[in-house]
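Read the structure below first, then the notes.
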Amino acid sequence: RIERAAEALRVMGDCTLNARDIKNAERIYKDLMREGVSLGNLWFQSAAHWGLGQVSLHRMDYSSAADNFQKGLDKARRPTDKWYAAWNAFGLANTLRSLARIEEATARYRQALALFQEMNQPSITAWVERALSEIGGDLQTAEGSTEIRVWLCPLCGSKFNQQQAIAL
């Protein structure tokens with residue numbers, strides 16, 4: 001029943017992450033990754049990459065977060081697992097948004113949106129739709145510049161106005 005134990009690790013990792021115990025969540029997701037690799041189970045590996053991506057986001061390590069979400073997305077595509085493909089695409093989109101890579105974020109939000117819609121997940125679909133609409137919203141540009149300036153909270157992705165960004 002090794003797969004049941006790996007599933008228990010996945011659930012424990014999610015609960016620990018939701019409790020904001022980042023250090024223990026990281027340890028649990030690494031254990032899940034080891035189990036997923038030893039079982040040859042891409043679904044568990046994709047779940048572990050999603051969790052490690054979330055841990056990296058909490059630490060504002062966007063490079064590691066993007067890397068983990070992309071790896072999770074790649075693993076989820078192989079067994080055609082829509083659930084973790086969608087969640088990793090959504091996590092990658094949020095990370096890219098935090099890095100002001102808006103075009104790439106838009107593509108990943110659209111990917112996540114399509115997958116969540118296919119799975120008939122209206123609540124999560126609404127989250128993705130809101131995030132997607134926000135990146136086209138109050139984008140500010142410097143006068144005379146064609147550069148798009150976006151200021152986002154590195155933890156939650158909320159938009160800051162120009163005055164808040166300057167103050168920070």
Side-chain angles (χ1 to χ4, degrees), residues 1-102 104-132 134-135 152-158:
R1 308 249 175 169
I2 295 172
E3 288 199 3
R4 280 191 168 178
E7 176 62 11
L9 279 174
R10 186 192 67 77
V11 172
M12 288 182 345
D14 292 353
C15 292
T16 306
L17 181 67
N18 288 335
R20 304 285 192 246
D21 186 351
I22 303 306
K23 185 176 182 177
N24 280 326
E26 180 179 34
R27 180 186 52 78
I28 292 168
Y29 285 122
K30 285 181 177 180
D31 289 346
L32 177 60
M33 182 66 74
R34 280 189 290 279
E35 289 298 322
V37 169
S38 73
L39 293 168
N41 186 310
L42 298 175
W43 192 82
F44 287 133
Q45 291 175 51
S46 182
H49 278 298
W50 175 84
L52 292 169
Q54 291 296 324
V55 166
S56 295
L57 271 183
H58 282 284
R59 292 183 174 151
M60 293 186 266
D61 181 355
Y62 300 118
S63 176
S64 292
D67 184 55
N68 273 297
F69 290 131
Q70 185 61 59
K71 286 178 180 174
L73 185 56
D74 294 341
K75 299 258 186 224
R77 286 185 186 154
R78 292 182 198 160
T80 62
D81 175 61
K82 292 178 186 173
W83 185 254
Y84 276 106
W87 278 109
N88 278 294
F90 189 39
L92 183 55
N94 288 328
T95 303
L96 294 168
R97 176 182 172 178
S98 296
L99 294 168
R101 292 166 51 185
I102 303 303
E104 294 170 85
T106 299
R108 292 297 172 231
Y109 279 134
R110 287 188 177 134
Q111 181 181 15
L113 182 62
L115 289 166
F116 283 127
Q117 287 172 337
E118 284 179 42
M119 293 183 291
N120 194 26
Q121 297 290 324
S123 297
I124 305 168
T125 297
W127 295 347
V128 179
E129 287 173 339
R130 190 178 102 208
L132 187 56
E134 286 176 350
I135 61 174
L152 302 172
C153 173
L155 295 177
C156 69
S158 296

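By convention here, the first residue in the shown sequence is residue 1. Only a predicted model underlies this, so the values are computations on that prediction, with no experimental measurement involved. Below, all heavy atoms of this structure are taken into account, side chains as well, without hydrogens, waters or symmetry copies.
Note that the CG atom of D21 and the CZ atom of R27 stand 8.5 Å from one another [nearest 0.5 Å]. Taking CE from M33 and CD1 from I28, the interatomic distance works out to 14.5 Å, rounded to the nearest 0.5 Å. Annotation: the span from L39 atom CG to R34 atom CZ amounts to 13.0 Å, rounded to 0.5 Å. The line from CG of L57 to OG of S98 is 6.5 Å long, rounded to the nearest 0.5 Å. Here L73 contributes atom CG and D81 contributes atom CG; the two are 10.5 Å apart, rounded to the nearest 0.5 Å. Put simply, NE2 on H49 and NZ on K75 are 5.5 Å apart, with the number rounded to the nearest 0.5 Å.
Closest approach of N68 to S56, counting heavy atoms only: ND2-OG, 4.2 Å. The two atoms that bring F44 and G36 nearest to each other are CB-CA, 3.9 Å, heavy atoms only. Scanning all heavy atoms of the two residues, the minimum distance from A131 to F90 falls at CB-CE1, 4.3 Å. Counting all heavy atoms, side chain and backbone alike, A65 lies closest to T95 at CB-OG1, 3.9 Å. Taking every heavy atom of both residues into account, A85 and A76 meet most closely at N-CB, 3.3 Å. Summarising the geometry of Q111 relative to A89, their closest heavy-atom pair is OE1-CB, 3.8 Å, with the distance given to 0.1 Å.
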Checklist entry - Q117 and E129: side-chain contact (heavy atoms from CB on, under 4.5 Å), yes or no, with the steps? => result CA-CA 11 Å; Q117 287 172 337; E129 287 173 339; 3.8 Å; yes
Checklist entry - Going through the checks in order, is the side-chain contact (heavy atoms from CB on, under 4.5 Å) test met by T125 and L113? => result CA-CA 6 Å; T125 297; L113 182 62; 3.4 Å; yes
Checklist entry - Going through the distances and angles, do W50 and V55 end up as a side-chain contact (heavy atoms from CB on, under 4.5 Å)? => result CA-CA 9 Å; W50 175 84; V55 166; over 6 Å; no
Checklist entry - Can Y109 and I135 be said to form a side-chain contact (heavy atoms from CB on, under 4.5 Å), step by step? => result CA-CA 10 Å; Y109 279 134; I135 61 174; 3.9 Å; yes
Checklist entry - Where do Q70 and D74 land on the side chain to side chain donor-acceptor pair (under 3.5 Å) test, with the steps shown first? => result CA-CA 6 Å; Q70 185 61 59; D74 294 341; 3.0 Å; yes
Item to check | Verdict with reasoning, S46 to N88, per side chain to side chain donor-acceptor pair (under 3.5 Å) | outcome: CA-CA 8 Å; S46 182; N88 278 294; 3.1 Å; yes
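In this structure, the side chains of W83 and L115 stay at 4.5 Å or more apart for every pair of heavy atoms. A heavy-atom distance below 4.5 Å is not found between the side chains of K82 and Q121. Residues W43 and R10 are in side-chain contact: their nearest non-hydrogen atoms beyond the backbone lie under 4.5 Å apart. Residues L96 and Y62 form no side-chain contact, since every pair of their non-hydrogen atoms from C-beta on lies 4.5 Å or further apart. Side-chain atoms of L52 and K71, non-hydrogen and from C-beta on, never get closer than 4.5 Å to each other.
With Y29 contributing its side chain and L9 its backbone, the two residues share no donor-acceptor pair below 3.5 Å. In terms of modelled atom types and a separation under 3.5 Å, the side chain of D67 and the main chain of S63 share no donor-acceptor contact. Within the 3.5 Å criterion, the main-chain N or O of E35 finds a donor-acceptor partner in the side chain of S38.
Checked for salt-bridge contact, E104 and R108 miss the test: no charged N lies under 4.0 Å from a carboxylate O. Classification of E26 and K23 as a salt-bridged pair fails, no side-chain N sitting under 4.0 Å from a carboxylate O.
For F116 and W87, the gap between ring centers is short of 6.0 Å.
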